[in-house]
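I have placed the structure first, in the form of structure tokens, so that the comments after it can refer back to it.
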Amino acid sequence: REMQHNPDFHWPPDPASIDLRDGSWLTPDQAAHEARVSLRTVRRWLKDRSISIRVGGRVYIHRRRLLGAWSQPELF
């Protein structure tokens, strides 16, 4: 729960400790839609910035970190 208030708390989080259904985690397609950028841009951000985790072979992007990376790229 503390991570919801502070997205940088122990980044990256332990995948076993997160709830993928709480609305703060997005797939790359959802992230592209949310940030209003192309999927290609999101994939570039995944390489350049610490905004995602991998769970069971799938990538999930933290919504706050995504929008922070979009609005303030120098922080990531």
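Heavy atoms only: backbone and side chains are in, while hydrogens, waters and symmetry mates are out.
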Closest approach of [X] to [Y] (non-hydrogen atoms, all atoms of both residues):
X	Y	answer
W11	S50	NE1-OG, 2.6 Å
L66	A35	CD2-CB, 4.3 Å
A31	I61	CB-CD1, 3.6 Å
I53	P12	CG2-CB, 4.0 Å

Q. Any side-chain heavy atom of P15 within less than 4.5 Å of one from R54?
A.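 No, too far: nothing below the 4.5 Å cut-off.
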Q. Heavy atoms, side chains only, cut-off 4.5 Å: are W45 and V37 in contact?
A.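 A side-chain contact exists here, since the closest heavy-atom pair is under 4.5 Å.
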**Q.** Gap between atom NE2 of H33 and atom OG1 of T27 - 0.5 Å precision
**A.**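 NE2 of H33 is found 11.0 Å from OG1 of T27.
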(Q) Can you tell me how far apart CZ (R64) and CD1 (I51) are? Round to the nearest 0.5 Å. (A)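 The distance works out to 15.5 Å.
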(Q) Consider side-chain contact (heavy atoms from CB on, under 4.5 Å). Of R63, H62, R58, which one does Y60 pass it with? (A)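 Going through R63, H62, R58 one by one, the side-chain contact (heavy atoms from CB on, under 4.5 Å) with Y60 is satisfied by R58 alone.
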Q. Can a donor-acceptor pair be found between the side chains of D22 and S24 at a distance below 3.5 Å?
A.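 A donor-acceptor contact under 3.5 Å links the two side chains.
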